[in-house]
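Single-structure report; data block below.
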2 protein chains.
Amino acid sequence: MVKSETLRLNRIFQALSDATRRAILRDLAKREKTVGQIAQPYRMSLAAVSKHLKILEAASLIHKEKRGSFYHLRLNPTAFTSVEQWLGFYQQFWETRLDALKNYLEQE
Amino acid sequence: MVKSETLRLNRIFQALSDATRRAILRDLAKREKTVGQIAQPYRMSLAAVSKHLKILEAASLIHKEKRGSFYHLRLNPTAFTSVEQWLGFYQQFWETRLDALKNYLEQE
DNA sequence: CTATCATTCAACCATATGGTTAAATCAGAA
DNA sequence: TTCTGATTTAACCATATGGTTGAATGATAG
């Protein structure tokens with residue numbers, strides 16, 4: 001594994017380890033939003049949400065663009081491919097496991 | 001999202017956010033190992049590795065079993081399905097994105 | 001210009017994290 | 001029983017994390 005990819009995965013998984021940040025991603029999957037719109041459902045301060053967005057952006061999971069006096073946030077779907085690739089390596093293991101289970105059950 | 005699944009994902013992603021722990025998972029993918037065998041490639045203390053293993057176990061990414069005076073660790077491949085499922089939701093987005101890119105490139 | 005609105009930045013705080021070393025546990029060998 | 005080896009636990013430390021509040025920035029509306 002290349003070092004830069006390691007750091008990239010560190011940042012991505014760390015970003016995803018917080019439930020608020022995962023909820024924000026879900027929210028942005030629907031449509032692009034401003035910081036204020038994103039913050040609205042949460043009880044925490046705007047500054048706290050702003051920090052979460054910065055972490056998501058550093059992990060390249062979202063893209064932030066300033067238009068006028070508003071920042072617009074949107075999902076960066078390609079970033080998810082890093083996780084997809086990382087996970088891909090392990091799929092062979094749980095797939096063979098599930099296949100074994102399936103075979104076992106079908107024997108009955 | 002159910003709360004318990006949220007906590008489960010918190011633990012899993014947090015566990016995966018550390019490069020040492022991801023390396024341990026890779027290592028265990030090959031075959032089952034003891035704590036000492038796992039620790040051998042790393043410069044850190046055995047106690048530090050022991051902590052990493054506890055975190056991976058709490059995230060249910062590995063299974064730990066004591067046989068005699070050795071603890072044997074192995075991958076728990078089914079735990080990866082949680083990540084798989086979480087990621088699945090976003091695949092529609094980056095897939096349509098990649099399809100769009102593919103179409104664009106094929107136009108040339 | 002000036003006031004306002006959206007957002008960030010800075011300073012701060014409590015708790016979590018990832019490491020250390022030293023002591024405790026616990027199974028197997030002598 | 002006693003010694004040894006494998007591993008965990010405990011206490012500790014420095015830094016990171018996730019939150020707060022209040023001041024700063026920067027674009028828009030009067």
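When reading the values below, keep in mind they use all heavy atoms of this one structure, side chains included, and skip hydrogens, waters and symmetry mates. Numbers restart at 1 for each chain; the letters A, B, ... are given by sequence-line order, proteins then strands.
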Test item: A:T81 and A:W86 side chains (from C-beta on) under 4.5 Å apart, heavy atoms: no
Shortest side-chain distance from B:M44, nucleotide among C:dT7, C:dT20, D:dT8: C:dT20
Length of the CG-P vector between B:D18 and C:dA16, whole Å: 18 Å
Listed nucleotide nearest any side-chain atom of B:Q14, set D:dA6, C:dT17, C:dT8: C:dT17
Residues forming a side-chain hydrogen bond (donor to acceptor under 3.5 Å, both in side chains) with B:E84, sequence neighbours excluded: A:Q91
Between P of D:dT4 and CZ of B:F70, the distance in whole Å: 17 Å
Distance below 4.0 Å between A:R43 side-chain N/O and D:dG19 OP1 or OP2: no
Selection: residues 45-59 of chain B, any non-hydrogen atom under 4.0 Å of DNA chain C: B:S45, B:A47, B:A48, B:K51, B:H52, B:I55
Under 4.0 Å protein heavy-atom contacts per nucleotide of nucleotides 25-30 of chain D, with B for base, S for backbone only and - for none: -SSS--
Pairs involving residues 32-41 of chain A, ordered by first then second residue, that meet salt bridge (charged side-chain N to carboxylate O under 4.0 Å, His left out) (sequence neighbours left out): A:D27-A:K33, A:E32-A:R67
Ring pair (Phe, Tyr, Trp, His ring centres under 6.0 Å) partners for B:F70, two or more places apart: none
Interatomic distance, A:N10 CG vs C:dT17 P [rounded to whole Å]: 15 Å
Name each donor-acceptor pair under 3.5 Å that joins a side chain in residues 35-50 of chain B to protein atoms two or more places apart or in another chain, with its distance.
| residue | atom | partner | partner atom | Å |
| --- | --- | --- | --- | --- |
| B:Q37 | OE1 | B:T34 | N | 2.9 |
| B:S45 | OG | B:A48 | N | 3.1 |

Qualifying residues under side-chain hydrogen bond (donor to acceptor under 3.5 Å, both in side chains), relative to A:R11, sequence neighbours excluded: none
Partners meeting side-chain hydrogen bond (donor to acceptor under 3.5 Å, both in side chains) with A:S82 (sequence neighbours left out): A:R8
Any B:K64 side-chain N or O less than 4.0 Å from OP1/OP2 of D:dT7: no
Residues which pass side-chain contact (heavy atoms from CB on, under 4.5 Å) with B:E57, listed by chain and number, not counting sequence neighbours: B:I62, B:K64
Separation of atom CZ in B:R11 from atom C1' in C:dT17, rounded to whole Å: 16 Å
